[in-house]
Every structure is written in C-alpha cells, then in structure tokens.
Engineer: 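First the structure, which I've put down as structure tokens, then a few questions once you've had a look.
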Amino acid sequence: MTSLRLPLFPLNSVLFPGLVLPLNVFEARYRAMMRDLSAAPDDDHRFAVVAIRDGREVAPTAQGMPDATAPTAQGPAAGFGDDPVKAFHAVGCIADAATIREKSSAEDTGYEVLATGTTRFRLLSVDASGPYLMAELEELEEQPGAGAGALASGVVRAFRTYQKRLAWANERTLSSGQDLPADPSVLSYLVAAAAVLDVPAKQRLLEAPDTAARLAQELKLLRHESALLGKLPSLPAVDLTRQPTSPN
C-alpha cells in the first residue's frame with residue numbers, strides 16, 4: 001500500500017471517521033502547521049490526528065505531570081521523548097480542516113480550526129526535522145466483516161439503553177427522536193465517539209480490524225456500562241466521566 005506524508009497533530013483523545021473535531025490551536029508548532037495548511041490548496045487541508053499513549057504530552061517514560069521547575073522544552077517533538085513515534089498509538093485518523101481561522105486579538109493568538117475525521121491510518125514513522133511533526137502513514141480501508149448488519153441492530157438497542165441510564169445517572173433529560181445511522185460502519189464510529197469511555201477503550205475501538213469486530217466490542221461495552229449505571233445507587237463515588245482533560 002502506498003504511504004502518505006501529512007502533518008501530525010497529537011491529542012490526548014481519539015478521533016473517529018465522520019466525527020467533527022474543533023481545535024483551539026495556540027502552541028507555536030501547531031500554529032506553524034495551521035499557517036502552512038491554510039496556505040495550501042483548498043482541497044488539501046488534511047492532517048493526521050493520533051492519540052498520545054499516556055494521555056498527556058510528556059515523555060513516555062515520565063511519571064506523572066512534567067516538572068514545573070524544569071526548563072520548558074522547545075521544538076516539534078517537545079514532550080514526546082527521543083523517539084516520538086513511541087509516544088503515540090499506532091492507529092489514528094486523518095482530519096480534513098473545513099475552516100482554519102486565525103485569531104485577530106493581540107491578547108489571544110492562534111487558530112480556531114474545525115475539522116472532520118475521514119480515514120483511519122497506521123502510523124509508520126515520525127519526522128521531527130521541521131517546525132512541526134510530520135507523519136508517514138498508510139491509510140486503512142474499512143472492511144465490513146461478517147454479520148455487521150445483525151450486530152448493528154443489537155448495538156442500536158444497547159446504545160439506547162445506555163443513553164437512558166447515563167442520562168438518569170447525570171439527572172439529565174434524554175432528547176427523544178434522535179435517529180442513528182443505518183450504515184453499520186458509520187454507526188460503529190458514532191457510538192465509539194459518543195460512549196463515555198477512556199482513551200485506551202476508544203483506541204481499541206478505532207483499531208478494530210473491521211466494522212463487525214468494532215460493533216461486537218461496543219455491544220459488550222455498552223451492556224457492561226449499562227449494568228454498572230443500573231447499579232449506581234449502590235455504588236459509592238462512581239466516576240461517570242472517566243475522561244482525561246485535554247490542554248489542547
């Protein structure tokens with residue numbers, strides 16, 4: 001398969017195909033990236049998004065948060081160790097920026113970006129020789145797998161139950177009449193993005209070999225999460241979010 005070279009934007013979250021990604025870009029390396037992307041032809045504002053393995057922009061061998069007393073690291077690979085590729089998950093998602101807007105305020109410099117996930121990829125290597133990271137990658141074709149249609153029906157039912165119990169646990173009202181996509185692949189990515197899961201769990205869903213395998217994982221996860229939410233009154237201090245905060 002032919003490899004592709006794109007700017008690399010690491011995040012401590014997982015992007016799925018078809019999902020919208022809003023970004024508030026303020027670091028110098030990513031401002032340089034967006035400046036170059038905005039100058040590119042209108043039909044090629046693509047960049048690669050990959051999840052950071054430890055969920056924070058620190059070297060993979062570091063423990064806890066960076067030392068606040070240490071000098072601030074500079075450069076495109078700052079915070080990712082000597083071999084940046086080891087700091088990232090192997091599978092990510094290509095993003096296509098629909099809008100890249102430079103902020104005009106002197107007190108607030110940077111870019112506001114609205115992108116959409118398009119295609120999964122496998123990360124082959126990372127080049128840190130320029131102003132920002134560049135990734136060599138190969139695109140991953142989505143295969144339906146065996147029984148995706150039947151699994152999709154089960155996931156729709158399980159997701160509805162999960163939504164209701166999650167809304168109840170958060171004392172929120174669930175909006176009714178929301179249609180879910182009929183296409184099993186689109187459904188699998190929507191559910192993966194909407195479920196309240198940590199980064200490793202979402203990453204496993206992104207890396208699923210085909211749609212059927214992803215739906216099977218989701219069916220198991222949704223049933224497990226719904227069962228936990230159903231027992232919430234008897235579980236002290238249950239953390240519903242389990243989602244790391246992002247400085248990006």
Engineer: Taking the side chain from Thr118 and the backbone from Ile94, do they hold a donor-acceptor pair closer than 3.5 Å?
Structural biologist: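 Confirmed, Thr118 side chain pairs with Ile94 backbone.
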
Engineer: To check you understand the geometry: which heavy-atom pair defines the closest contact between Leu6 and Arg46, and what is its length?
Structural biologist: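 So the minimum-distance heavy-atom pair works out to CD2-O, 3.9 Å.
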
Engineer: Quick one: does Arg31's side chain have a donor or acceptor within less than 3.5 Å of a partner on Gly110's backbone?
Structural biologist: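 Such a contact is absent between Arg31 side chain and Gly110 backbone.
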
Engineer: Using a 3.5 Å distance criterion without hydrogens, assess whether the side chain of Arg29 forms a donor-acceptor pair with backbone atoms of Ala78.
Structural biologist: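 Yes: the side chain of Arg29 pairs with the backbone of Ala78.
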
Engineer: Can you name the closest pair of heavy atoms from Ala146 and Leu151 and give their distance?
Structural biologist: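 Where Ala146 meets Leu151 most closely, the heavy atoms are O-CD1, 4.4 Å.
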
Engineer: Test side-chain hydrogen bond (donor to acceptor under 3.5 Å, both in side chains) on Ser38 and Glu102; report intermediate values, then the result.
Structural biologist: CA-CA 9 Å; Ser38 62; Glu102 187 172 9; over 6 Å; no

Engineer: Taking the side chain from Lys103 and the backbone from Glu112, do they hold a donor-acceptor pair closer than 3.5 Å?
Structural biologist: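 Not at all, since once roles are kept as given, no pair shorter than 3.5 Å links the two residues.
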
Engineer: Take Leu124 and Glu138 through the test side chain to side chain contact (heavy atoms under 4.5 Å, CB included) and record every step on the way to the result.
Structural biologist: CA-CA 7 Å; Leu124 302 177; Glu138 61 177 9; 4.3 Å; yes

Engineer: Using the rule given for side chain to side chain contact (heavy atoms under 4.5 Å, CB included), can you reason through Val91 versus Leu140, listing the C-alpha separation, both sets of side-chain angles and the distance that settles it, and then say yes or no?
Structural biologist: CA-CA 9 Å; Val91 175; Leu140 298 176; 4.1 Å; yes

Engineer: Do the side chains of Arg120 and Glu139 get close enough for a salt bridge, i.e. N-O under 4.0 angstrom?
Structural biologist: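 Answer for the salt bridge query: no.
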
Engineer: Measuring from atom CG of Leu166 to atom OG1 of Thr161, what distance do you get when rounded to the nearest 0.5 angstrom?
Structural biologist: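 Leu166 CG to Thr161 OG1: 12.5 Å, rounded to 0.5 Å.
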
Engineer: I'd like to check Val155 versus Leu222 (side-chain heavy atoms, cut-off strictly below 4.5 Å). Are they in contact?
Structural biologist: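 Sidechains of Leu222 and Val155: in contact.
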
Engineer: Using only heavy-atom distances, determine whether the side chains of Asp36 and Tyr132 contain a donor-acceptor pair under 3.5 Å.
Structural biologist: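 Judged by distance alone, the side chains do pair up.
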
Engineer: Decide whether Val186 and Val191 are clustered together by the hydrophobic rule: side chain heavy atoms of Ile, Leu, Val, Met, Phe, Trp, Tyr closer than 4.5 Å, transitively.
Structural biologist: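 In one cluster: no.
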
Engineer: Is any side-chain heavy atom of Thr99 less than 4.5 Å from a side-chain heavy atom of His45?
Structural biologist: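 They are not in side-chain contact.
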
Engineer: So, taking the atom named OG in Ser185 and the one named CD in Glu142, what distance separates them when rounded to the nearest 0.5 Å?
Structural biologist: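 Interatomic distance, Ser185 OG to Glu142 CD, rounded to 0.5 Å: 4.0 Å.
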
Engineer: Could you go step by step and tell me if Ile52 and Leu11 meet the side chain to side chain contact (heavy atoms under 4.5 Å, CB included) rule?
Structural biologist: CA-CA 6 Å; Ile52 304 167; Leu11 290 174; 5.8 Å; no

Engineer: So do the side chains of Pro17 and Cys93 get within less than 4.5 Å of each other, counting heavy atoms only?
Structural biologist: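 A side-chain contact under 4.5 Å exists here.
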
Engineer: Glu136 and Ser125: side-chain hydrogen bond (donor to acceptor under 3.5 Å, both in side chains), yes or no, with the steps?
Structural biologist: CA-CA 5 Å; Glu136 182 183 3; Ser125 64; 3.1 Å; yes

Engineer: Backbone N or O of Leu197 within a donor-acceptor pair of the Lys202 side chain at under 3.5 Å?
Structural biologist: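 Such a contact is absent between Lys202 side chain and Leu197 backbone.
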
Engineer: Are Leu123 and Val85 close enough that some pair of their side-chain heavy atoms sits under 4.5 Å apart?
Structural biologist: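 In contact.
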
Engineer: With sequence neighbours excluded, what pairs up with Ala51 under the side chain to side chain contact (heavy atoms under 4.5 Å, CB included) test?
Structural biologist: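 Once residues adjacent in sequence are excluded, the partners of Ala51 under the side chain to side chain contact (heavy atoms under 4.5 Å, CB included) criterion are Val14, His89, Val199, Gln203.
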
Engineer: Check the side chains of Arg214 and Tyr189 for a donor-acceptor pair under 3.5 angstrom, ignoring hydrogens and angles.
Structural biologist: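 Indeed, the side chains of Tyr189 and Arg214 share at least one donor-acceptor pair under 3.5 Å.
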
Engineer: If you round to the nearest 0.5 Å, how far is OG1 of Thr119 from CG of Leu4?
Structural biologist: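 Separation between the atoms: 9.5 Å.
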
Engineer: Determine the minimum heavy-atom distance between Asp44 and Ala40, stating which atoms define it.
Structural biologist: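 Smallest interatomic distance, heavy atoms only, reads O-CB, 3.7 Å.
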
Engineer: So Phe9 and Leu23, do their side chains get closer than 4.5 Å, heavy atoms only?
Structural biologist: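 Yes - at least one pair of side-chain heavy atoms lies under 4.5 Å apart.
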
Engineer: List the atom of Leu137, the atom of Ala48, and the distance in Å for their closest heavy-atom pair.
Structural biologist: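 For Leu137 and Ala48, the tightest heavy-atom pair comes out as CD2-CB, 3.7 Å.
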
Engineer: Are Leu133 and Asp127 packed together at the side-chain level, in the sense that at least one heavy-atom pair is separated by less than 4.5 angstrom?
Structural biologist: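 When only atoms from C-beta onward are counted, Asp127 and Leu133 do not touch, as no gap falls below 4.5 Å.
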
Engineer: Any donor and acceptor pair, going by atom type alone, linking the side chain of Asp83 with main-chain N or O of Lys86 inside 3.5 Å?
Structural biologist: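 Checking the backbone N and O of Lys86 against the side chain of Asp83, no donor-acceptor pair under 3.5 Å is found.
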
Engineer: So how far is it from Arg223 CZ to Arg157 CZ, rounded to the nearest 0.5 Å?
Structural biologist: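 These two atoms lie 8.0 Å from each other.
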
Engineer: Look only at the side chain of Lys164 and the backbone of Phe159, and say whether a donor-acceptor pair between them is shorter than 3.5 Å.
Structural biologist: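 Side chain of Lys164 to backbone of Phe159, a donor-acceptor pair under 3.5 Å: no, none is there.
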
Engineer: Please examine the side chains of Met134 and Val126, heavy atoms only from C-beta on, and report whether any two atoms are closer than 4.5 Å.
Structural biologist: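 In short, these two side chains do not touch, never coming nearer than 4.5 Å.
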
Engineer: Who are the ring-ring contact (aromatic ring centres under 6.0 Å, His included) partners of Phe88, not counting sequence neighbours?
Structural biologist: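 Only Phe80 meet the ring-ring contact (aromatic ring centres under 6.0 Å, His included) criterion with Phe88.
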
Engineer: Tell me the closest heavy-atom pair linking Thr211 and Ser188, and the distance in Å.
Structural biologist: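 Distance-wise, the nearest heavy atoms are CG2-OG, 4.2 Å.
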
Engineer: Under 4.5 Å between any side-chain heavy atoms of Val196 and Tyr162, yes or no?
Structural biologist: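 Touching, per the 4.5 Å side-chain cut-off.
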
Engineer: Starting from the C-alpha separation in whole Å, work towards a yes-or-no answer on side chain to side chain contact (heavy atoms under 4.5 Å, CB included) for Glu218 and Leu205.
Structural biologist: CA-CA 8 Å; Glu218 289 169 349; Leu205 293 174; 3.7 Å; yes

Engineer: Looking at every non-hydrogen atom in both residues, tell me the closest pair between Leu215 and Ala148 and how far apart they are.
Structural biologist: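 Taking Leu215 first and Ala148 second, the nearest heavy atoms are CD1-O, 3.4 Å.
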
